[in-house]
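Hydrogens, waters and symmetry mates are skipped; everything else that's a heavy atom, side chains included, is used. On a predicted model such as this, the values are computed, not experimentally measured, just so you know. Every chain is numbered from 1 and lettered A, B, ... according to where its sequence line falls, protein lines coming before strand lines.
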Amino acid sequence: MMIEDLQKISDAERAEAQKYEHHVHVCMETACIASRSDQVKQALTEAAERAGKPCRVKGVGCMGLCSAGPLVKVEPDGTMYKGVTPEDADEIVQKLGDSPVSRLECDTNVPFFQRQVKIVLENSGEIDPERIEDYVARDGYLALYTALTTMTPSEVIAQVAKSGLRGRGGAGFSTGLKWTTVAKSPGERKFVICNADEGDPGAFMDRSVLEGDPHAILEGMTIAGYAVGASQGYIYVRAEYPLAVERLKIAIRQAKRLGVLGENICGTTFSFNVDIRLGAGAFVCGEETALIASIEGRMGQPRPRPPYPAEHGLWGYPTLINNVESYANIVPIMRKGADWFSAIGTEKSKGTKVFALTGCIENTGLIEVPMGISLREIVFDIGGGIPDGKKFKAVQTGGPSGGCIPEEHLDMPVDFESLLQIGSFMGSGGMIVMDETSNMVDVAKYFMEFCMTESCGKCVPCRVGTAQMYDLLDKLTKNEATMADLQLLERLCDVVKYTSLCGLGQGAPNPVLSTLRYFRHEYLARIQEANHEAAFLTD
Amino acid sequence: MSKVRLATVWLDGCSGCHMSFLDMDERLIELADRIELVYSPLVDPKEFPDSVDVTLVEGAVSSNEDLEKIRHIRKHTKILVSLGDCAVTANVPSMRNSFRVGEVLDRAYIENASTQQQIPNVSVPTLLRQVLPVHSVVPVDVFVPGCPPSADTIHYAITELLEGRTPDLSDRSRFGA
Amino acid sequence: MKQPSSRIKTLKIDGQDVGAHEDETVLEVARENGIFIPTLCELEGLSPHGGCRLCLVEVKGINKLLPACVTYVEEGMEVTTNSTRLQEYRRTILELIFSEGNHICSVCVANGHCDLQSLAQKLGMYHVSVPYRHPRRSVDASHERFALDRNRCILCTRCVRVCDEIEGAHTWDVSGRGIEAHIVTDLNQPWGESETCTSCGKCVNVCPTGALFEKGKAVAEMAKKRGFLPYLTLMREKRTR
Amino acid sequence: MLRNYKKPAPPSDDKRWRLVEATMRRHGHDPNALIEVLHTVQESFGYLEEEALQFVAASLSVPLSRVYGVATFYHFFNLKPQGEHSCVVCMGTACYIKGSGAIVEAIEQEFGVKPGETTPDNKFSLLSARCLGSCGLAPAAVLDNSVAGKLEPQQVVERIREWTK
C-alpha cells in the first residue's frame, strides 16, 4: 500500500461519482432503519432504475435529526427530506434536478444544521460506511500514511498534545499526556483499546460514529498504536449495538485487504491489528479497569488505581484507553494540524463535542458543536426549544454521574470546567432536556435505580449505599419520607461519593446532589405531603 | 436534692434486659437513694407519667401498640435510652422481617399448630410491616447494645447519666453480648 | 519477603516518622509501627481486594481518600489514618454492612469471634442509622462438615481468594452483581455436591463472620483458626525461590 | 496446564456445538475468551444451559464458579430459555422521560410478566434494556430483533397479543 494506491482508489471513486448527476443519501443508522430507511433506500434505488436517471443512491451514516427519520439528502443541491416512506421514492426521483418535493422537505437553513461544526461527524451522512473506497475518497487513511512515513511516534504525540484534545469519555483527561505516559511506560507489549461501551442512558454519539464512519476509528487507533508502540488494538463495544459491530467487522476486513491495517502497514515495518470484543450488558465496564477485566474474560469489576492502565493495563502491559469520540478526533487533527484544532473551542476545552440531544425537545438527534457554546443555544436554537408550549425545567448532562442544570445556568459555556462547577459533568455527551412536567425527585430516583443495578458489588459504599439511597428516594416519591430520611440521604451521598472504589459509585450521588441543589423545594414538598404512617403499616 | 425520675419499658423483647437490670443486685439499693422508679414492669403504676427524666427501653417496635407507646414515652421523657440489642437493632424479633407478616402468622398459627388453627385477631395488637429498632421510630439519646447488656454495663450507663455524662461504652458492650 | 535490594522510604503516619521498604503498603507500615487501621476484606497472605473501604486514609496533597491496603509508600508521604471525617465514614460503612444482611449477633455461631462485630465495637458504631434491608437469603447446609449462611456474608471474598490462591480449587466465586451479589460454589449447586471442593476448611477459617462455619458449633462457639495462612504463604514463597 | 490434557467432547452431537468450538479454536482455547465464547453459546442456543457452562469451563480451563460468576454478572446473558418472541423495552433516560415506564406497565398488566420474565406458555419474554441508543425515537423497543420507535403502550400490547394468540 503506497500513497499512489490510495490516490488511485480516491481518483477512481471520485471519477465514478462524477458519472452521476444526482446523489441520494439515505441514512442507514439504527434509528432511521427502525423507521424503515432500509426499505426507503431499496425503493429509491428501484425508482432511479425505472426512471433511468443518472442518479446514485447510497446508504450513509447519521445526518443528525433522528426524530425526523428516515432522512434522505439529495446532492449536489443539498435538499433534505424527512419522514420519507418507500411510497415517496418515485416522486423524489422524478423531482431530481427540479424543484424539491415540498411536503417532505426539511429546512436545513435553521440553527439545527447551521450552528453545528463537524469534525468528528465530518463523514457522517456523506460516505457509505460499508465501503472503504468512499472513505479514502475523502482523504481517508492519508493521515495514517503521512504519520507512518514522515513522522516519528513522538512527533505524532506532540501534535496530539499540542492540539489540546481532552478525552471525550467524560473526565476530560489530556489525550496527549495519556499517550505520552503509555509511550514512555516500559513493556515488551503494549495495547490500544477503544472504549465503545457507551452505556450512559440517553447517549448514542459513539454508536452513530461507529455506524457512520467506522474507518475513522480504525485509522485513529492505528495512529495511536504507532505513537505509543502498540501492535494490537481492541474495540470494546456493547453487544446492544449489533449494527455498529457489523460495520466495524466489515471495516476491519476492508482495511486489512487494503493494507492500512495488519502487517507492514503502508509498506512500513509497523504492524497493527484490531479485534472486537463484545460487552455483555454491564455499564461499569465503561470504567477502564473494569473494561480491561472484561476483555480478559472476567467479571467487570474495577480495581483501585493507581497503577493506571497506562502503566499496568491489559494483562499487565501498558495500555492506552480512549473512547470512540477521542479517536475520531485524531484523524482530523493529524490531517489539518494542531493549530487548526486548538483554534476551535475555549481556552481549556478545545475542539467540538458531540451531544445526543433528547428528551422533551423539538429537535431530537445528534449534534456536534464547538466547545464553549452556551446551553441556551443548544436547547433553544439548535434544539428548537420545548415542544407543546411547555416550559423548560432542566437539562441533564453526564449520564448517571452527571447533574440536572436549571434555567439559571443556561448561559454558561459548555466546557469541562464549567459543567463541573455547577454540579454536573461533561460525561460522554448525553443531553436530556426536561420540561415542567418532569419531577426531579423521580429523575433522581431513576438515575439511582440505574446505579444500583449497575453497581458491580465489589465495594461496600456503592453496593449497599446505592441500594439504600434508592430506597430513600423511593420512599420520597411514595410520599412516605420524613426530614430524617432526607438528612440520611444527604449523609449517604457524601459517604458514597468519597469512599466508593470507582467512578460509578463516586458519581452515583451526583444526580441527587444536583437536584437537591437546584430543586430542593420538590423534595421538601414530598415530605410535607407525606403520610408517615404508611411506611409502618401491615402489608 | 430531688431524685431522678427513671422509667423502664418492655416492648418486643424477651425481658432479659430487665433481668440483667435486676442483676445489679445490691447496687440497686444504692441507686434507689438517687432514683425514683416511676414506671416499669417491675413496679405498680399502669400509666406512664407526664414527666420522666430517663427511660430505659427494652425491646423492638413490633406492633401498633408498641408504636403508640414509644411515641407517648418519647414525648414525656428527657433522655431515652435504647437498652439492649432488641431496642438498638431489633435483634431476634426482626428475624421475621425477611418474610411477610401473613407468611409468619400462617407458619406460627396454621402450619405449625396441631389444634385450633386460627390466627388470633381479637384484642391483640396489629403487627407492623417490619419490626423496627426504637431509633427508627423516635429519636434516641443513648444506645446500650448487648444481648443482654451486663448488669455492670447497665450500672455504668445509669451512673454516668446520673452524673450528667454521656456513657462511653467502647470497652463495655457490643452487639450480641 | 522483602527483597534486600528494595529501597527505603521515609514518610509520616499520623505525625509519626516511619521508615519503609518501597514495596510496602501504607497498611503494612502502619501495622509494623503499631498504628491501627481498620480492615475487613484484607487478610495477610491473600491478594488485596480493596472492597470494604474501611482502610481509607488521607494523604496530604491528594484530594481523594486512598485504601491503605493497596497504596504503596512514597517518599515524604504524609498519611492521616484517623481523622474525624475518616471515623465517620468508617462508621457509616459499617452501618451499611450491618444493614445489608441479617446480622443477629446474639444468635450467631461466631458471636465473640467475629471481625465485623469487634470492629463495630472498636470504631464506636453502637447503632445502625440506615434502615435494615432484611433480605431473604438462603442457607446451604448440604456439606458434610461445613455450612454457609448467606445472611451473614459481607462479600469480602476472603473465601474466594483463599480457595483460589492457597488451596487452588477455586470452588467459590461471586455470582450476580451489586446488591444481588452472593457467593456460590461451582455452578451454583449445593456445596455438598461440589466436585471441586476439597473440604479443606480454609474458607471457613478465613471468613470474618459467621457466614461460613463448622457444623455442630452452637452460638458463640465458632472461633476461627488462621495461623495456617501466613505459614502456607511463607512456605510457598520459599519453594518458588 | 497439563500438556496432554484432552479437550472435552461437546455434550451432544447437536451441530450448534461446532459454532461454539470454532469460537474457542479461534481464540486458541484461551481462558480470556470466556465472554466471547459465552456470546457464541447464547447466539447458538438462545441461552446458557448448565451443560454448556460445564463444557465451556472444561474447554477453556476456567473454574466452574468463575464461569457461573461471569454468566450472572453480565445481564446480557440468560441462564433460562427465552420465549419464542421477545420485546425489549428501552429504559434509557430519553425513553423513560417519554414514558417507557407506561409501556412496561401495560405489558405487565396485560400478560402478567415483569421484565426478565417469560409467559408460562413460553410464547413471549419481556425484557428491559439500559439504552438502545435510539433516543431519537423515544420511547423505543426491540420487537423480535427489530427496533421500533415512538411507541404507544397500546400499540405494543397489540403486537404482543398477536404473538401470544
Worksheet item: Do you know which of A:Q506, A:R303, A:E454, A:M452 has the most heavy-atom pairs with chain C at a distance under 4.5 angstrom?
Response: A:E454
Practice prompt. Locate the shortest heavy-atom distance separating A:G281 from C:R177; write the atom from each residue and the value.
Written response: O-NH1, 3.0 Å
Practice prompt. Tell me, out of C:V174, C:V130, C:I154, who's got the most heavy-atom pairs with chain A below 4.5 Å.
Written response: C:V130
Worksheet item: Highest number of heavy-atom pairs under 4.5 Å with chain C: which of A:P306, A:C456, A:P461?
Response: A:C456
Discussion item. Side chain to side chain contact (heavy atoms under 4.5 Å, CB included), that's the test. Do A:V464 and C:S99 meet it? Break it down for me.
Written reply: CA-CA 8 Å; A:V464 193; C:S99 77; 3.8 Å; yes
Discussion item. Does any backbone or side-chain atom of A:P304 lie under 4.5 Å from a heavy atom of chain C? Answer side chain, backbone, both or neither.
Written reply: side chain
Worksheet, complete the sentence: When the 4.5 angstrom heavy-atom criterion is applied to A:D494 and chain C, the contacting part is both
Worksheet, complete the sentence: Residues A:L501 and C:G50: closest non-hydrogen pair is CD1-O, 3.2 Å
Worksheet item: Side chain of A:K458, backbone of C:H49: donor and acceptor closer than 3.5 Å?
Response: yes
Practice prompt. Identify which part of C:E180 has an atom lying under 4.5 Å from any heavy atom of chain A, answering side chain, backbone, both or neither.
Written response: neither
Item to complete: Please look at C:D173 and chain A and tell me whether the side chain, the backbone, both or neither of the residue comes under 4.5 angstrom of a heavy atom of that chain.
Response: side chain
Worksheet item: Any luck finding a side-chain donor-acceptor pair between C:S129 and A:R491 under 3.5 Å?
Response: yes
Practice prompt. Can you establish whether the number of heavy atoms outside A:E522 located under 6.0 Å from its atom CD is more than 12?
Written response: yes
Practice prompt. Under 4.5 Å heavy-atom distance to chain A, tell me which part of C:I93 shows up: side chain, backbone, both or neither.
Written response: both
Discussion item. Is the terminal nitrogen or CZ of C:R53 (NZ for Lys, CZ for Arg) located under 6.0 angstrom from the six-membered ring centre of A:Y498 and within 45° of that ring's axis?
Written reply: no
Item to complete: Using a 4.5 Å cut-off on heavy atoms from C-beta on, say whether the side chain of A:L488 contacts that of C:P131.
Response: yes
Discussion item. If I measure from the heavy atoms of chain C, does A:T453 come under 4.5 Å with its side chain, its backbone, both, or neither?
Written reply: backbone
Discussion item. I need the residue from A:C451, A:S500, A:G300, A:A484 with the largest number of non-hydrogen atom pairs under 4.5 Å to chain C.
Written reply: A:S500
Worksheet item: In Å and rounded to the nearest 0.5 Å, what is the OG1 to CG distance from A:T499 to C:L96?
Response: 8.0 Å
Worksheet entry | Residues, nucleotides or ligands: over 12 heavy atoms within 6.0 Å of C:K224 NZ | yes
Worksheet item: Is the count of non-hydrogen atoms from other residues, nucleotides or ligands lying under 6.0 Å from A:E417 atom CD greater than 12?
Response: yes
Worksheet item: Just wondering, do C:T92 and A:L492 contact through their side chains at under 4.5 Å, heavy atoms?
Response: yes
Worksheet entry | Greater than 12 external heavy atoms within 6.0 Å of A:Q421's CD | no
Worksheet entry | Enclosure of A:N531 CG (heavy-atom neighbours >12, cutoff 6.0 Å) | yes
Worksheet item: Atom CZ in A:R463, atom CD1 in C:I97: separation rounded to 0.5 Å?
Response: 7.5 Å
Item to complete: Please lay out, stage by stage, how C:R133 and A:Q468 fare under the test side chain to side chain contact (heavy atoms under 4.5 Å, CB included).
Response: CA-CA 8 Å; C:R133 292 179 54 79; A:Q468 288 285 5; 3.6 Å; yes
Worksheet entry | Neighbour count above 12 (heavy atom, 6.0 Å) for C:Q87 CD | yes
Response to the item:
Interatomic distance, CG@C:L56 vs SG@A:C459, rounded to 0.5 Å, equals 9.0 Å
